[in-house]
Amino acid sequence: QPVVVSVTLVPSNGPLATQHQVLTTTLGPQQSYAFAPSGFATVAGERATLTVSATGAPAGAGMGSKRVYPVKLSPSGNG
């Protein structure tokens, strides 16, 4: 079964543009797979929204296929 995971980082401040990655794989019965997106470019003090969505596979009971996370980088950019 083909599965597509889409990862989008949308900055709300700073000089960087929206970044988008699409990861795909095919799953068989009773299989799992770990998606590992490449790093996103960020700047110190950046605030953004990270959206992760999956299509092609049914969501588990009580779970959706899309998650949205707030992102806030440290003012120094060092964690």
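We're numbering straight along the sequence, starting at 1. For clarity, every value in this text was computed on a predicted model and none was experimentally measured.
- The minimum heavy-atom distance between Val43 and Pro15, with the atom names listed, is CG2-CD, 3.9 Å.
- Among residues two or more places apart in sequence or in another chain, the side-chain contact (heavy atoms from CB on, under 4.5 Å) test is passed with Ala17 by none.
- Other members of the cluster containing Val4 are Val22, with ILVMFWY side chains joined at under 4.5 Å, either directly or via other members.
- Within the structure, side-chain hydrogen bond (donor to acceptor under 3.5 Å, both in side chains) contacts touching residues 37-60 (residues at least two apart or in different chains) do not occur.
- Here the closest heavy-atom approach between residue Ser32 and residue Leu27 is recorded as C-CD2, 4.1 Å.
- For Ala48, the side-chain contact (heavy atoms from CB on, under 4.5 Å) partners two or more places apart in sequence, or in a different chain, are Leu9, Val71.
- Listed here is the closest heavy atom pair of Gln21 and Gly39: NE2-O, 3.9 Å.
- Grouping the Ile, Leu, Val, Met, Phe, Trp and Tyr side chains by contacts below 4.5 angstrom, directly or via other members, places Phe40 with Val52.
- Legend: residues meeting side chain to side chain donor-acceptor pair (under 3.5 Å) with Ser6, ordered by chain and number and at least two apart, are His20.
- Counting only residues at least two apart or on different chains, no ring pair (Phe, Tyr, Trp, His ring centres under 6.0 Å) pair has a member in residues 45-71.
- With sequence neighbours excluded, the residues that form a side-chain contact (heavy atoms from CB on, under 4.5 Å) with Phe35 are Val3, Val5, Leu23, Thr25, Tyr33.
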